[in-house]
Amino acid sequence: MVAQSVAKANTLAQEKGLDHVESLLQEEAPHLLEGRKKQERREGLPPLKNTEGKEIVLRFAPNPNGPLSFGHARGVVINGTYAHEHKGTLILRFDDTDTTVKPPMLDAYEIIPREVEWLLGRPADRIVLASDRIPLYYEHAERMLREGFGYICQCPADDFRTYRETKQNCPCRDKSVEMNVDGWNMMLDGTYKPGDAVVRVKTDMELKNPALRDWPALRIQDTQKNPHPRPEIGSTYRVWPLLDFQSAVEDQLQGVTHIVRGKDLMDSTRKQTLLYEHFGWNYPETIYWGRVKVHEWGGFSTSKMRASIENGEYTGWNDPRLPTLQGLQLRGIQAEALRNFWIELGVTQKDISVPLATLFSHNTKGIDDEAPRLSFVRNPVEVDLHGEIPTEIEIPVHPNHESMGMRKISMDRNQIMIEREDAQHSTYRLKEFADIDEGGQMGSISRSDKRPIIHWVSTDSSSEATLTLPLQENIEHIQGRVELHNYPVGTIVQLERIGYAIIREDDFLLMHE
RNA sequence: GCUCGUAUAGUGUAGUGGCCCAUCAUAAAGGACUCUCAUUCCUUUGACCCGGGUUCAAAUCCCGGUACGAGCACCA
């Protein structure tokens with residue numbers, strides 16, 4: 001029956017078109033047509049679930065062990081954009097609870113908020129430092145012990161690994177509340193040394209996912225040897241929460257409603273959800289993104305970069321070869337380009353690899369209209385001109401915007417410089433000036449044929465200059481001549497037929513084509 | 001090994017059972033405009049991982065395979 005009617009409808013649609021069927025339906029059963037509107041392509045970020053009737057709170061939580069990098073920008077942009085779209089709150093939280101493996105960098109506490117503001121065009125709504133909130137985490141740890149869903153484990157890490165793998169309960173698991181409280185105090189007062197004891201969350205050793213079995217929540221660090229870099233914290237605390245515990249408790253304390261994080265933290269979500277169940281809390285709505293690799297950059301990590309900078313491989317965090325926000329900023333990448341780039345990639349869980357060209361194309365859109373044109377001649381060759389050479393030539397600053405005025409070029413010496421490669425041509429046209437015939441003989445002022453158009457500088461109106469190309473591993477410097485200008489350092493210009501570049505103290509830094 | 005996740009044009013992305021011989025961007029190729037290899041505009045090329053199943057109907061749901069990635073740290 002159904003099959004027959006559907007077949008009939010389909011033939012009808014094929015013969016007379018879909019519109020015909022629709023009009024028939026319109027007459028016979030208009031209610032079926034509702035909600036059948038052609039779906040528009042979704043723009044921007046996927047909608048957040050579960051947003052009704054509450055103030056939306058998101059957070060971006062980096063380890064302040066260095067300035068922000070390209071990858072961090074995703075966290076800032078996605079969380080910041082969601083917060084903005086929902087008129088909600090963006091928290092910038094420093095997860096600075098490790099003083100040994102990835103110790104925080106003091107400067108980062110100042111730098112990161114500025115970088116977030118640059119990237120979003122507005123500051124984070126609230127800044128939270130985990131290291132300021134240790135007593136709060138202690139309170140929750142104690143509650144965990146008193147209510148029996150946490151315990152002090154004194155097994156060596158290796159032993160516990162075996163228990164986890166073989167689904168055996170660790171002997172410490174059955175300690176009484178009193179023993180656990182005693183153990184906790186011994187962790188706090190220094191009786192236990194780093195490695196002697198940890199606080200674990202009691203989950204279930206039979207859990208299918210080994211990562212979730214009685215996971216560690218707090219441990220002891222030697223803060224005499226490795227003090228926290230913040231002077232006000234220093235060696236104050238010996239017991240420190242691990243990420244999963246600190247983050248989970250802090251999200252609850254801050255009223256975080258939505259978490260957007262990398263899918264490498266999926267098991268963290270599960271661990272933390274188990275903890276939330278113990279506490280009787282509701283875990284925030286969580287979405288994930290996959291790994292992003294940039295084709296041109298290998299695997300940089302903050303700690304690796306820090307080491308490479310310290311041993312002199314790079315000039316600093318703002319080295320243009322580095323995928324740091326500072327490096328990118330120095331290369332003339334606009335915050336808006338970064339925002340558009342990350343929003344376009346969205347929040348899929350796919351692991352992706354993107355070419356830098358995608359970022360550059362966003363950047364070009366933002367800078368082209370305002371970038372004055374300038375001629376830079378690489379490997380210059382002198383050419384003496386003959387004929388009736390005007391003493392001054394005017395060229396527009398920007399071909400699409402007359403309002404940006406003219407560049408005046410003085411030709412007193414009748415000598416120009418062109419690129420060695422262009423000098424191969426026997427005849428050519430000097431852009432915005434005149435045709436040149438063999439031997440530097442000046443020809444027609446108006447364009448007379450299809451000879452190649454090349455850029456050039458007047459020897460009088462140009463100066464020595466260096467163009468710097470930041471490549472993957474090394475930096476290339478090209479000597480040349482640039483036409484005289486008085487743009488300040490930091491101006492983004494377009495070097496004709498080369499690409500966009502940013503003016504620095506001593507050179508031009510090529511950004512991209 | 002155990003556990004979890006993802007698979008749509010070269011690269012990203014839209015799509016949640018009929019609107020889809022599949023969207024948009026970027027890249028590539030060609031063209032228009034232009035005294036730049038820029039900008040802008042136009043055109044073309046190009047994809048649902050494989051195999052089963054469910055269904056009248058599958059990119060979409062289910063199962064299996066394959067590939068890739070992640071977690072199993074007293075790092076974040």
Side-chain angles (χ1 to χ4, degrees), chain A residues 1-7 9-10 13 18 22 36-43 46 61-65 95-98 100-103 153 155-157 160-161 164-165 167 194-200 207-213 215-221 240 242-244 246-247 262-268 270-271 288 290-292 295 301-303 340-341 344-346 348-355 357-362 364-365 367-369 371 373 375 395-396 398-401 429-435 446-447 453-455 494-500 513:
Chain A
M1 244 295 269
V2 178
Q4 269 178 14
S5 329
V6 172
N10 283 343
L18 208 57
E22 266 180 30
R36 305 246 64 174
K37 288 270 178 291
K38 170 113 184 165
Q39 197 158 37
E40 298 288 308
R41 183 186 156 81
R42 205 203 73 231
E43 292 281 341
N63 178 347
N65 62 341
D95 282 347
D96 56 347
T97 55
D98 175 42
T100 315
V101 184
K102 293 177 182 170
C153 173
C155 303
F160 192 84
R161 186 171 305 125
R164 179 170 46 229
E165 281 163 8
K167 300 185 177 178
D196 288 352
V198 296
V199 180
R200 291 190 184 280
L207 249 22
K208 271 174 65 182
N209 187 342
L212 313 185
R213 297 172 193 157
W215 52 272
L218 301 98
R219 74 347 190 151
I220 303 165
Q221 299 192 97
W240 285 80
L242 270 332
L243 170 82
D244 284 309
Q246 180 272 129
S247 176
K263 67 173 183 178
D264 54 312
L265 294 179
M266 272 183 169
D267 284 344
S268 275
R270 298 184 184 104
K271 288 187 214 174
Y288 307 93
R291 255 175 41 140
V292 174
H295 182 68
S301 74
T302 303
S303 10
N340 293 339
F341 173 85
E344 188 177 56
L345 290 198
T348 64
Q349 289 187 32
K350 261 203 299 194
D351 298 316
I352 56 179
S353 174
V354 284
T358 307
L359 175 64
F360 292 159
S361 108
H362 283 292
T364 299
K365 285 185 177 69
I367 59 177
D368 184 73
D369 262 347
R373 268 49 176 173
S375 283
I395 295 181
H398 194 297
N400 305 345
H401 303 292
R429 178 169 179 80
L430 299 180
K431 189 165 184 295
E432 305 281 359
F433 177 30
D435 287 351
S446 60
R447 197 174 175 191
I453 297 166
I454 64 169
H455 67 289
Q494 192 212 54
L495 302 179
E496 301 209 53
R497 300 209 304 152
I498 298 176
Y500 299 92
E513 289 186 356

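Only this structure's heavy atoms are used, side chains among them; waters, hydrogens and symmetry mates stay out. Below, chains carry the letters A, B, ... as their sequence lines are ordered, and counting in each starts from 1.
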Donor/acceptor link under 3.5 angstrom from A/Gln494 side chain onto base of B/U36: yes
Heavy-atom pair of closest approach, residues A/Thr364 and A/Glu513: OG1-O, 3.9 Å
Base-pairing assignment for B/G30 (Watson-Crick or G-U wobble, both under 3.5 Å): B/C42
Nearest-Å distance for atom pair CZ/C1', residues A/Phe341 and B/G12: 9 Å
Nearest-nucleotide pick for A/Ala157, side chain only, options being B/C74, B/C72, B/U11: B/C74
Sugar-phosphate only, base, or nothing, as touched by A/Thr364 at under 4.0 Å among non-hydrogen atoms: sugar-phosphate
Sugar-phosphate, base or nothing in reach of A/Leu243, heavy atoms under 4.0 Å: base
A/Asn209 versus A/Asp267, side-chain donor and acceptor atoms under 3.5 Å: yes
Side chain of A/Arg291 (C-beta onward), nearest among B/U13, B/U36, B/G69: B/G69
Sugar-phosphate only, base, or nothing, as touched by A/Pro156 at under 4.0 Å among non-hydrogen atoms: base
Sugar-phosphate, base or nothing in reach of A/Asn400, heavy atoms under 4.0 Å: base
Closest listed nucleotide, where the reference is the side chain of A/Lys365 and the choices are B/C4, B/U40, B/C74: B/U40
Per A/Arg219 side chain, nearest of listed nucleotides B/C72, B/C75, B/G5: B/C75
Touch class at under 4.0 angstrom, heavy-atom based, for A/Thr348 against every strand present: sugar-phosphate
Base B/C35 to side chain A/Arg429, donor-acceptor N/O within 3.5 Å cut-off: yes
SB check A/Asp264 A/Arg291 (cutoff 4.0 Å): no
Position toward the 5' end of RNA chain B (nearest nucleotide), A/Tyr500 or A/Pro46: A/Pro46
Pairing partner of B/U60 (Watson-Crick or G-U wobble, both distances under 3.5 Å): none
Nucleotide paired to B/C21 in any strand shown, Watson-Crick or G-U, under 3.5 Å: none
Rounded distance in Å - CG (A/Asn209) to P (B/C4): 7 Å
P spacing across the pair B/U43 / B/C24, given as an integer number of angstrom: 11 Å
Nearest-neighbour nucleotide for the A/Lys263 side chain, B/C75, B/G69, B/U36 considered: B/G69
Touch class at under 4.0 angstrom, heavy-atom based, for A/Ser268 against every strand present: nothing
Shortest side-chain distance from A/Val101, nucleotide among B/C75, B/C4, B/U11: B/C75
Sugar-phosphate, base or nothing in reach of A/Gly290, heavy atoms under 4.0 Å: nothing
Selection from B/U40, B/G71, B/C4 that lies nearest to any side-chain heavy atom of A/Asp264: B/G71
Most 5' of A/His398 and A/Asp196 on RNA chain B, judged by nearest nucleotide: A/His398
Pairwise C1' distance for B/G52 and B/A58, with rounding to whole Å: 14 Å
Carboxylate-amine/guanidinium proximity below 4.0 Å for A/Asp98 and A/Arg219: yes
A/Asp96/A/Lys102 salt bridge by N-O under 4.0 Å criterion: no
Sugar-phosphate, base or nothing in reach of A/Leu265, heavy atoms under 4.0 Å: base
Between B/C75 (P) and A/Trp215 (CH2): distance, integer Å: 13 Å
Proximity to the side chain of A/Asp368 - top-ranked nucleotide from B/G15, B/U39, B/C75: B/U39
d(CG, A/Leu212; C1', B/G5) in whole Å: 14 Å
Nucleotide paired to B/C74 in any strand shown, Watson-Crick or G-U, under 3.5 Å: none
Protein-nucleotide distance (A/Lys350, atom NZ; B/G12, atom C1'), rounded to Å: 7 Å
Sugar-phosphate, base or nothing in reach of A/Pro355, heavy atoms under 4.0 Å: sugar-phosphate
Gap in Å between the two P atoms, one belonging to B/U13 and one to B/G18, rounded: 23 Å
Nearest-nucleotide pick for A/Arg270, side chain only, options being B/U36, B/A27, B/C4: B/C4
Rounded distance (Å) that lies between atom C1' of B/G69 and atom CG of A/Asp267: 13 Å
For B/C48, the Watson-Crick or wobble counterpart (both distances under 3.5 Å): none
Sugar-phosphate, base or nothing in reach of A/Thr97, heavy atoms under 4.0 Å: sugar-phosphate
Partner nucleotide, any strand, of B/A7 [Watson-Crick/G-U, under 3.5 Å]: B/U66
Base paired to B/A14 (Watson-Crick or G-U; both N/O distances under 3.5 angstrom): none
Nearest-neighbour nucleotide for the A/Arg497 side chain, B/C75, B/C37, B/U6 considered: B/C37
Touch class at under 4.0 angstrom, heavy-atom based, for A/Glu344 against every strand present: sugar-phosphate
Touch class at under 4.0 angstrom, heavy-atom based, for A/Leu430 against every strand present: base
base_contact_polar (B/C35 base, A/Lys431 side chain, donor-acceptor, <3.5 Å): no
Quiz item: A/Arg373 side-chain donor-acceptor pair to B/U36 base, under 3.5 Å: yes
Inter-nucleotide P distance (B/U39, B/G51), Å rounded: 42 Å
